[in-house]
Every structure is written in structure tokens, then in C-alpha cells.
2 protein chains.
Amino acid sequence: MPRALDDLIEAFSSLPGIGRKSAARLAFFLLKRPVEDSRDIAQRIINARESLKPCKICGNLTDDAECEICRDRSRDRSLICVVEEPSDVTAIESIGEYRGLYHVLGGALSPLDGIGPDDLNIKSLKKRIDEGLIEIILATDLTTEGEATASYLLSTLSAGDVKITRIARGLPAGGSLEYADKNTLARALENRTKLDR
Amino acid sequence: MPRALDDLIEAFSSLPGIGRKSAARLAFFLLKRPVEDSRDIAQRIINARESLKPCKICGNLTDDAECEICRDRSRDRSLICVVEEPSDVTAIESIGEYRGLYHVLGGALSPLDGIGPDDLNIKSLKKRIDEGLIEIILATDLTTEGEATASYLLSTLSAGDVKITRIARGLPAGGSLEYADKNTLARALENRTKLDR
């Protein structure tokens with residue numbers, strides 16, 4: 001195999017969820033397409049990586065000093081939703097229902113990986129707790145690390161009158177009781193909600 | 001979502017087997033890694049696309065005028081294995097058992113897509129039929145297009161004494177009779193091979 005092809009397959013294999021076979025498929029696909037397609041994708045990779053940086057307020061990705069959400073004066077500034085990664089902002093925005101602000105931690109507490117509170121954007125979150133804030137929604141993942149991060153934030157945020165909430169645990173849409181794990185099922189029962197007639 | 005991010009996700013989504021969600025995952029992955037990683041992958045894409053071209057003998061991908069296999073004097077020059085794509089060469093080479101040469105057609109006959117004999121490297125294959133050649137192995141896919149291409153080649157290659165063969169049809173390794181389609185099962189029975197005691 002020519003060196004340049006091997007190098008490309010190796011690069012694609014280094015991406016998450018792409019094994020050697022898929023990487024080869026991607027490489028051969030690009031090699032069949034016009035050279036402009038390859039130049040375009042290469043340029044977009046470089047553009048994105050070089051122009052995007054953390055918003056100086058919330059840590060979300062932006063091509064400006066402040067992200068579009070922080071700049072948007074129509075958003076509800078009394079609510080901050082705390083998430084681990086910029087991709088979580090994208091996920092929540094895709095619902096189209098949340099109108100508050102965000103705070104991106106840049107990860108979750110993970111002592112085994114050497115990630116402590118100082119490695120996350122926690123100080124900047126504390127600075128955002130001001131008069132107008134009514135609620136902080138802890139929307140870190142429901143993994144061990146995400147739960148630990150939520151617990152840590154709950155104990156460390158001296159939020160005064162600000163309400164701190166956690167996203168709900170329960171069965172996912174389409175989920176069946178039979179296959180749910182005990183923990184999920186227990187929480188789904190515990191956090192049951194009243195139905196209106 | 002910032003424009004540069006959207007552009008990158010769109011580019012990844014255009015690759016085969018990568019949906020919008022996987023594309024977003026790849027983009028966020030790159031954005032978390034050092035900028036050098038993004039520059040490296042972009043450079044490898046451009047390098048591969050610009051340096052690789054068809055071997056002027058067999059049509060396989062190469063960074064030289066002739067590919068490594070055609071240049072390799074230790075290969076068996078009495079055998080040519082005809083395949084659709086350079087990726088098929090990689091697949092056969094990965095077995096490590098075939099020692100002959102290749103001929104890459106650059107696709108398969110597909111009247112619906114407007115791909116006729118003149119769009120494939122068939123003329124150059126005919127030119128390669130010379131005194132030393134003993135066998136042409138038709139190793140196009142066992143799809144409708146691949147089978148049509150194999151039939152066409154069989155009828156059009158005036159190969160003199162050269163033997164023309166087709167790769168075997170049968171059950172794949174690990175395959176079970178119960179789930180095999182009728183066509184495959186019929187061929188597996190028809191083309192049964194004698195076992196040595």
C-alpha cells in the first residue's frame with residue numbers, strides 16, 4: 001500500500017468509532033472523488049479547529065469572544081444549565097425548548113484521569129451567580145463522573161437563594177420496564193410525576 | 001451553532017456511513033484535541049488525494065508511475081486478478097496468499113448509472129494479454145453489476161489459450177446453511193469440492 005494511503009487510513013482510524021476497515025472505506029471514498037472535495041474537507045477541519053474557541057463567559061464553542069447564546073438578549077438570564085461539553089449544548093439546543101443560558105465545564109471530575117475541580121470551568125461558574133440568577137440546572141451526564149461532578153457542584157456552589165436542580169432520571173422514551181436496570185427503575189418510581197386529568 | 005462547526009459536521013456527514021450524529025461526534029473530538037492533530041489529518045487528506053493516481057499498467061493506486069505490485073519482479077506474471085476498485089486489491093493483498101498481478105477496472109458495468117465498457121479500464125486489460133499470461137481471475141463483486149461485468153469480460157476477452165476463471169461462490173466462513181439465501185446455497189452445493197482423506 002502506498003505510504004500516503006496508509007497515512008490517511010491511520011489518521012481516520014484515530015477518530016472515535018472508526019476502525020481500520022471504516023477508515024480504509026473513507027480513504028478510498030475520498031480518493032475516488034474530485035480533488036476539490038478533499039481540499040474542501042481539509043480546509044473545513046483547519047477552519048473549525050483554528051477559528052473556534054471557548055466563549056469567555058460560558059465556555060461553549062464560538063468563533064467570537066462570546067458565543068451566540070450568551071450574546072442573545074432574548075434568552076432567559078435567570079437560568080444556567082451546566083453541562084460537561086459543547087456537544088451537550090448542541091444536544092439540548094436541538095430540542096428547541098430550553099431558553100436559558102449554559103455553562104460548559106469542559107469535562108467531568110475524574111480522579112483516576114487526574115481531572116480535579118481546578119481542571120474544570122468551575123471558578124467562572126461561581127462568578128456568574130449574581131442577583132438575577134434564579135436556578136442552576138446540573139445537566140452533567142448520569143455517569144459516575146457526571147454524578148460526582150453534580151454532587152461536587154451542589155456542595156461547593158454557595159448559591160444563596162439560587163435553586164439548584166438536577167436533570168431527571170427515569171426511563172428513556174421508548175424504554176421498556178423489563179429491560180431497565182434496577183437503579184433507573186428505582187429512580188423512575190421515586191421521581192414519578194403527577195398526571196393532570 | 002458557529003458556522004465553522006456546522007461546516008465541519010456537514011463535511012463529515014458527506015462521508016459514507018457517517019450520519020449527522022457521528023459527524024458531530026468526530027467534529028467535537030477534533031476540537032478537543034491539540035490543533036496539530038487537525039492540521040495533521042487535513043494534511044494527510046490532501047497528501048493522499050494529490051499524490052496518489054492510477055498505476056499506468058494496472059490502474060491500482062500508486063504514488064509512482066507504476067504501482068509496487070507491478071514493479072515487484074518476484075510476483076507471478078502469468079496471473080492477472082481483475083477487480084473493480086483499488087480497495088479490492090488491498091482486501092486480496094491482506095490475505096497474503098495471492099502472488100499474481102492485478103487489474104483494476106475502476107468500477108463495474110452499470111447501465112442505470114450510465115457506466116458502460118468504455119468507462120472502465122478494459123482496453124488496457126486487453127493489451128496485457130500476452131504470451132506469458134496463463135490465467136485471468138475475474139474477481140469483480142458478486143453483485144448484479146459485478147456479475148454483469150464478469151460476463152461481459154468473459155465474452156469480450158479474446159484470450160487465446162488464456163484460462164479465464166471466476167472467484168468461488170459459496171457460504172462465507174462462519175456462515176450457517178439455515179440463513180444462507182437460496183442462490184448462495186445452490187452455488188455452494190453445485191461447486192462443492194472434493195475432500196482429501
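To find a chain, count down the sequence lines: A is the first, B the second, and so on, and within it residues start at 1. Just so we're clear, the structure is a prediction, and the values are computed from it rather than from any experiment.
Linking ILVMFWY side-chain heavy atoms closer than 4.5 Å, directly or via other members, places B/Val83 and B/Ile129 in a single hydrophobic cluster. No chain of hydrophobic side-chain contacts below 4.5 Å, direct or via other Ile, Leu, Val, Met, Phe, Trp or Tyr residues, connects A/Leu105 to B/Phe29. Hydrophobic clustering, with ILVMFWY side chains joined whenever heavy atoms are under 4.5 angstrom apart, groups A/Leu101 together with A/Leu157. Note on B/Ile164: it does not cluster hydrophobically with B/Ile134, by side-chain heavy-atom contacts below 4.5 Å among ILVMFWY residues. Linking ILVMFWY residues whenever their side-chain heavy atoms come closer than 4.5 Å, directly or via other members, places B/Val82 and B/Ile122 in the same cluster.
Residue B/Ser38 touches chain A through both its backbone and its side chain, counting heavy-atom pairs closer than 4.5 Å. Within the 4.5 angstrom heavy-atom criterion, no atom of A/Pro54 approaches chain B. Contact of A/Ser87 with chain B is made through backbone and side chain together, with heavy-atom distances under 4.5 Å.
For the pairing with A/Ile45, the side-chain contact (heavy atoms from CB on, under 4.5 Å) check across B/Asp37, B/Leu26, B/Leu8 returns one residue only, B/Leu8.
Here the closest non-hydrogen pair linking A/Pro16 and B/Arg25 is CB-NH2, 3.8 Å. Nearest heavy-atom pair, B/Ala4 versus A/Ala48, reported as atom, atom and distance to 0.1 Å: O-CB, 3.7 Å. Between A/Pro2 and B/Leu61, the shortest heavy-atom contact is CG-O, 3.5 Å.
Of the listed residues A/Leu52, A/Asp63, A/Ile46, the one with more heavy-atom pairs under 4.5 angstrom with chain B than any other is A/Leu52. When the candidates A/Asp40, A/Asp6, A/Ile41, A/Asn60 are compared by the number of heavy-atom contacts under 4.5 Å with chain B, A/Ile41 comes out ahead. Chain A forms the most heavy-atom pairs under 4.5 Å with one residue out of B/Lys53, B/Arg3, B/Glu50, B/Glu93, and that residue is B/Glu50. In terms of non-hydrogen atom pairs under 4.5 Å with chain A, the most contact-rich of B/Ser14, B/Gly106, B/Ala11 is B/Ala11. Comparing A/Ala24, A/Ala27, A/Pro86 by heavy-atom pairs within less than 4.5 Å of chain B, the highest count is held by A/Pro86. Chosen from B/Thr62, B/Asp64, B/Val35, the residue pairing most often with chain A at heavy-atom distances under 4.5 Å is B/Val35. Of the listed residues (B/Arg39, B/Glu68, B/Gln43), the one with the most heavy-atom contacts under 4.5 Å to chain A is B/Arg39.
Summarising the geometry, atom NZ belonging to B/Lys21 is positioned 11.0 Å from atom OG1 belonging to A/Thr90; distances are rounded to the nearest 0.5 Å. If you take CZ on A/Phe12 and CD1 on B/Ile18, they are separated by 8.0 Å, rounding to the nearest 0.5 Å. Atom CG of A/Asn47 is separated from atom CG of B/Leu5 by 12.0 Å, given to the nearest 0.5 angstrom.
With contacts defined as side-chain heavy-atom distances shorter than 4.5 Å, the pair B/Leu30/A/Leu15 qualifies. Residues A/Glu10 and B/Arg44 are in side-chain contact: their nearest non-hydrogen atoms beyond the backbone lie under 4.5 Å apart.
By the 6.0 Å contact criterion, CD on A/Glu97 is open, its count of non-hydrogen atoms from other residues, nucleotides or ligands being 12 or less. More than 12 heavy atoms of other residues, nucleotides or ligands sit less than 6.0 Å from atom NZ of A/Lys126.
Of the possible donor and acceptor atoms, one in the side chain of A/Arg49 sits under 3.5 Å from a partner among the backbone N and O of B/Arg33.
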